[in-house]
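If you read the sequence from its start, that first residue is 1, and numbering goes on from there.
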Amino acid sequence: MTAEPAAQTGPAAPRTMLDAEELEAYLRGRAAPVSRLDGLDGYLTAVLIGPKFLDPRIWLGDLLGDHALLAAESTREHRAVQAVADHHNRLSETMAQFPV
């Protein structure tokens, strides 16, 4: 009978983005144009369907602050940027799959 190798119990990988609850708390804690996830959906929908392309550095900066775009990796600000970008990408993909 051979022994099973022990499970590795090294440090967990750092999370790359805020979860939905953390993102909403982050938005509420700033003077952002939106403070809830349903507001974020509307904001991102406007960005996606607007009459012209908006550079993400502009709308992300307006939404989260310019400092968030320069935040060091694994900081709360960086994780917020990643969460909003992920939310944007999922919404964009959904809109592309189910056009009205």
Side-chain angles (χ1 to χ4, degrees):
M1 186 181 232
T2 60
E4 294 284 326
Q8 292 184 341
T9 58
R15 294 184 309 155
T16 58
M17 68 180 136
L18 300 178
D19 65 27
E21 188 176 300
E22 292 171 321
L23 179 58
E24 192 163 60
Y26 182 83
L27 292 171
R28 276 194 313 268
R30 351 179 341 89
V34 298
S35 61
R36 294 180 19 179
L37 291 183
D38 57 353
L40 181 61
D41 286 343
Y43 185 92
L44 295 176
T45 298
V47 166
L48 287 165
I49 67 170
K52 67 178 192 170
F53 173 78
L54 285 177
D55 188 319
R57 293 173 295 187
I58 294 171
W59 61 263
L60 276 168
D62 290 345
L63 182 64
L64 301 175
D66 292 330
H67 67 282
L69 297 176
L70 302 172
E73 200 169 324
S74 78
T75 62
R76 186 173 186 222
E77 289 79 15
H78 177 78
R79 291 174 44 226
V81 170
Q82 296 305 310
V84 170
D86 181 68
H87 202 80
H88 171 274
N89 293 341
R90 283 187 286 120
L91 184 60
S92 176
E93 186 176 315
T94 299
M95 291 172 72
Q97 288 178 355
F98 303 102
V100 179

Contact check, side chains of Val84 and Leu18, non-hydrogen atoms, under 4.5 Å: no
Determine the minimum heavy-atom distance between Leu23 and Ala80, stating which atoms define it. CD1-O, 4.2 Å
What I want to find out is whether Glu22 reaches Arg79 closely enough, with some N-O distance under 4.0 Å, to be called a salt bridge. yes
Show the nearest heavy-atom pair for residues Pro33 and Asp62, with the distance to one decimal. CD-O, 3.5 Å
Taking all non-hydrogen atoms of both residues into account, name the closest pair between Leu48 and His88 and its distance. CD2-NE2, 3.3 Å
Let's go through Met95 and Ile49 carefully: what are the C-alpha distance in whole Å and the side-chain angles of both, what is the deciding distance for side-chain contact (heavy atoms from CB on, under 4.5 Å) to 0.1 Å, and is it a yes or a no? CA-CA 10 Å; Met95 291 172 72; Ile49 67 170; 3.2 Å; yes
When rounded to the nearest 0.5 angstrom, what is the spacing between CD in Gln82 and OG in Ser74? 11.5 Å
Side chains of His87 and Asp41: does their closest heavy-atom pair fall under 4.5 Å? yes
For residues Glu77 and Tyr26, report the shortest heavy-atom separation together with the two atoms involved. CG-OH, 3.4 Å
Note: Trp59 and Tyr43 closest approach over all heavy atoms is O-OH, 3.2 Å
Any donor-acceptor pair under 3.5 Å from Arg30 side chain to Leu64 backbone: yes
Which is it for Leu60 and Asp66 under the side-chain contact (heavy atoms from CB on, under 4.5 Å) test, yes or no, and what are the steps along the way? CA-CA 8 Å; Leu60 276 168; Asp66 292 330; over 6 Å; no
Within a reach of under 6.0 Å around CD of Glu73, are more than 12 heavy atoms found that belong to other residues, nucleotides or ligands? no
Euclidean distance, Leu63 CG relative to Leu40 CG, rounded to 0.5 Å: 6.0 Å
Greater than 12 external heavy atoms within 6.0 Å of Phe53's CZ: yes
Do Leu91 and Val34 share a hydrophobic cluster (ILVMFWY, side-chain heavy atoms under 4.5 Å, transitive)? yes
Counting distance only, does the side-chain N/O of Glu24 pair as donor-acceptor with the main-chain N or O of Leu37 below 3.5 Å? yes
Ignoring hydrogens and angles, tell me if any N or O in the side chain of Thr75 forms a donor-acceptor pair with the backbone of Ala71 under 3.5 Å. no
Say whether Leu54 and Leu44 are linked into one hydrophobic cluster, either directly or through other cluster members, by side-chain heavy-atom distances under 4.5 angstrom. yes
